[in-house]
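Notes follow once the structure below has been shown.
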Amino acid sequence: MNPEIPFVEHLPAERPEHVGVMQLSAFMGELLLKNGGEIYRVQDTLNRIIDACGFPNHSVYVLSNGIFITINEGMPDACSAVRYVKLGNLHLNNIARLNQVSRDICDGRIGRDEAYRRLQEIEKPIPDRKLSMALCCGFGCGGFSVLFGGSLRDGITAFLVGIVLKLVLYELDERQHITRFPTFILASFFLTLVSALCMLTGFPDHFDLIVIGSIMPLVPGYSLTTSIRDFFNGDYLSGLIHLIDALLVAFSIAVGVGICIKLISFMGGRFVL
Amino acid sequence: MIVHILLLYMRHIAEAMVSVIAFSMLFHAPKKEWIACGISGTIGWVIYCILHDLGCSLILCNFAATTGLTLFSRWMAAYRQAPVSVFLVPGIFPLVPGAGIYYTAYYFFMENPVKGSERLFDTMAAAGSITVGIIFGSFLITGVLQRFHIHRAGSAGKS
């Protein structure tokens with residue numbers, strides 16, 4: 001939420017109540033979209049919140065990166081909000097917490113001030129514990145590499161590559177000017193390079209299985225599922241946005257891996273592949 | 001019979017469990033749902049393996065696995081009162097065609113477009129059957145849940 005806009009509830013009382021409801025629901029929708037909620041769900045949640053606050057005359061339209069809300073249309077006190085939201089990273093815990101907040105509002109367990117406070121709490125990013133996240137990534141990569149038929153040695157190598165990959169991703173995240181697709185290209189290039197270097201030691205058995213295991217954290221499984229569920233619920237435009245995102249991410253991974261393989265084969269590293 | 005399957009696929013189950021739980025941690029799944037995420041992924045992978053061993057095609061394997069996993073996720077979401085994405089997204093990971101992306105890139109960059117297009121088609125087919133599986137599973141479970149009135153009336157988290 002834009003920090004210059006104070007929450008209406010804390011302003012002098014001449015502001016009408018429904019403006020506060022509108023800002024609360026816009027904030028809620030923004031957080032849901034940012035953390036990777038699907039469109040139908042966001043729209044449904046906002047409708048329910050505004051209904052629960054006692055304003056039946058409203059309309060909500062949500063896109064993958066935008067929210068439009070109008071309350072009391074056609075009345076003298078009509079108001080509306082438009083929010084632009086950037087496509088963010090998936091954060092399942094925040095989605096679950098937001099879901100809980102919306103349940104509590106609709107069941108009348110918490111008031112609007114309390115709800116707003118909890119939303120602000122969710123908005124505050126909790127910094128990741130980088131090392132444990134890298135370890136998780138390593139275990140995931142190693143596990144998948146073994147799952148797809150690799151030997152134990154491949155799994156151990158993929159574990160190391162996964163740790164390096166997560167650290168590289170953190171490093172790339174900190175540089176604001178590197179956008180989404182270069183990040184994926186660079187990350188997949190790096191992981192292929194590291195796997196090739198590991199192959200040189202002669203410890204692992206299969207180059208391909210290590211790379212396949214290690215690209216799993218980058219593969220757009222989440223965009224794909226979200227886009228399908230948007231289509232299923234009839235939100236074709238948002239579904240298309242997510243589908244294109246999934247295709248482009250898959251394409252950038254392929255380019256990153258491919259360029260590295262090409263380089264290796266140019267340098268005469270055929271034995272690695 | 002279930003015990004037999006469990007024993008036969010013990011190795012797959014353990015591996016799928018570890019990797020899916022690790023990935024659900026990576027995507028910040030809530031702590032109390034980690035095990036359920038792992039089970040969701042394991043169900044999908046075991047169905048895939050069984051059908052694959054029975055000689056079914058790639059498309060059927062992916063479709064059946066995703067349908068089973070979607071049914072489980074939706075049921076779990078209604079039961080634990082959490083959004084369905086929490087179980088669905090980590091569960092789908094073992095099935096997402098990462099290998100397809102790799103081999104497609106490999107063959108195209110190694111100037112073997114015939115094999116490359118073959119792999120590209122397989123990747124697209126796998127993604128497509130996952131799509132249809134999720135839609136089919138959602139469709140099935142929506143009907144079942146409505147029939148037995150498992151949804152809490154008027155709750156915000158209609159999953």
Side-chain angles (χ1 to χ4, degrees), chain A residues 36-38 41 44-45 48-49 52 90-97 99-100 102-103 105-107 132-133 136-144 146-148 166 208 211-213 215-217 219-222 224-226 228-229 231-232 246 250 253-259 261-262 265 273, chain B residues 11-12 14-31 33 37 45 81-106 108-111 123 127 130-135 138-139 152 154-159:
Chain A
E38 95 233 52
R41 179 168 211 93
D44 191 49
T45 308
R48 280 161 191 267
I49 288 179
L90 180 63
H91 197 304
L92 291 172
N93 193 19
N94 280 355
I95 295 184
R97 282 162 77 193
N99 189 45
Q100 193 55 47
S102 96
R103 267 177 209 281
I105 295 175
C106 293
D107 294 353
S132 57
M133 275 305 182
C136 282
C137 188
F139 271 111
C141 295
F144 276 119
V146 178
L147 191 67
F148 295 143
K166 191 68 197 167
D208 47 355
V211 178
I212 291 168
I215 57 177
M216 287 317 272
V219 163
Y222 148 69
L224 188 68
T225 44
T226 317
I228 297 157
R229 284 159 65 217
F231 279 125
F232 179 66
I253 295 171
V255 168
V257 171
I259 290 176
I261 287 177
K262 195 77 194 167
S265 76
L273 307 174
Chain B
R11 190 175 146 241
H12 283 299
E15 288 161 8
M17 200 78 175
V18 169
S19 21
V20 173
I21 288 180
F23 269 28
S24 54
M25 286 157 141
L26 194 64
F27 289 100
H28 310 273
K31 248 183 211 127
E33 315 289 6
C37 293
W45 182 248
Q81 309 261 309
V84 66
S85 318
V86 173
F87 309 103
L88 195 58
V89 174
I92 220 98
F93 258 108
L95 302 172
V96 172
I101 296 177
Y102 170 77
Y103 285 119
T104 308
Y106 177 78
F108 271 114
F109 275 85
M110 296 309 276
E111 278 149 36
T123 311
I130 290 173
T131 311
V132 180
I134 294 180
I135 291 177
S138 308
F139 183 66
R152 291 196 318 162
S155 79
K158 190 167 150 257
S159 31

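The basis for the numbers below is simple: all heavy atoms, side chains too, and nothing from hydrogens, waters or symmetry mates. By convention in this document, chain letters (A, B, ...) are assigned in the order of the sequence lines, proteins followed by strands, and residues within each chain are numbered from 1. Note that this is a predicted model, so its numbers are computed, not measured.
Aromatic pair B/Phe93/B/Phe27: centroids less than 6.0 angstrom apart.
Both the backbone and the side chain of B/Ile135 have a heavy atom closer than 4.5 Å to some heavy atom of chain A. A/Arg229 touches chain B through its side chain: at least one heavy atom from C-beta onward sits under 4.5 Å away, while N, CA, C and O do not. A/Tyr222 touches chain B through backbone and side chain together, each having a heavy atom under 4.5 Å away. Of the two parts of A/Ile215, only the side chain, counted from C-beta on, holds a non-hydrogen atom closer than 4.5 Å to a non-hydrogen atom of chain B. Using a 4.5 Å cut-off between heavy atoms, B/Ile134 touches chain A through its side chain atoms alone. Heavy atoms of A/Ile259 lying under 4.5 Å from chain B belong to its backbone as well as its side chain. Contacts of A/Val211 with chain B are made by side-chain atoms alone, with heavy-atom separations under 4.5 Å and no backbone atom involved. Residue B/Pro97 does not touch chain A at all, counting heavy-atom pairs closer than 4.5 Å. Looking at B/Thr104, neither its backbone nor its side chain comes within 4.5 Å of chain A, counting heavy atoms on both sides.
Here OG of B/Ser85 is found 5.0 Å from CD of A/Glu38. Values are rounded to the nearest 0.5 Å.
Looking only at heavy-atom pairs under 4.5 Å with chain B, the residue among A/Leu224, A/Thr226, A/Val146, A/Val257 that has the most is A/Val146. Of the residues considered (B/Leu26, B/Val96, B/Leu88, B/Val89), B/Leu26 shows the highest number of contacts with chain A, using heavy-atom pairs under 4.5 Å. Listed options B/Ala127, B/Pro30, B/Gly100, B/Gly98 were ranked by heavy-atom pairs under 4.5 angstrom with chain A; first place goes to B/Pro30. In terms of non-hydrogen atom pairs under 4.5 Å with chain B, the most contact-rich of A/Gly143, A/Gly36, A/Gly140 is A/Gly140. When B/Trp45, B/Phe108, B/Phe139 are compared by the number of non-hydrogen pairs under 4.5 Å with chain A, B/Trp45 comes out ahead. Options A/Ala246, A/Ala254, A/Gly256, A/Gly213 differ in how many heavy-atom pairs under 4.5 Å they form with chain B, and the most are formed by A/Ala254.
Shown here are the side-chain contact (heavy atoms from CB on, under 4.5 Å) partners of A/Ala250, two or more places apart in sequence or in another chain: A/Pro220, B/Ile101.
Proximity of A/Cys137 to A/Cys141: side-chain heavy atoms (C-beta onward) are separated by under 4.5 Å at one or more points. At a threshold of 4.5 Å between non-hydrogen side-chain atoms, the residues A/Met133 and B/His28 count as touching. Side-chain contact between A/Ile228 and A/Phe231 is absent, with no heavy atoms from C-beta onward closer than 4.5 Å. Using a 4.5 Å heavy-atom threshold, the side chains of A/Asn99 and A/Arg41 count as touching. Between B/Glu33 and A/Leu92, every side-chain heavy-atom pair lies at or beyond the 4.5 Å cut-off.
Inspection of the A/Asp208 and B/Tyr103 side chains reveals an N or O donor paired with an N or O acceptor under 3.5 Å.
Taking both residues in full, the closest heavy atoms of A/Phe139 and B/Ala22 are given as CB-CB, 3.9 Å, listed atom of the first, atom of the second, then distance.
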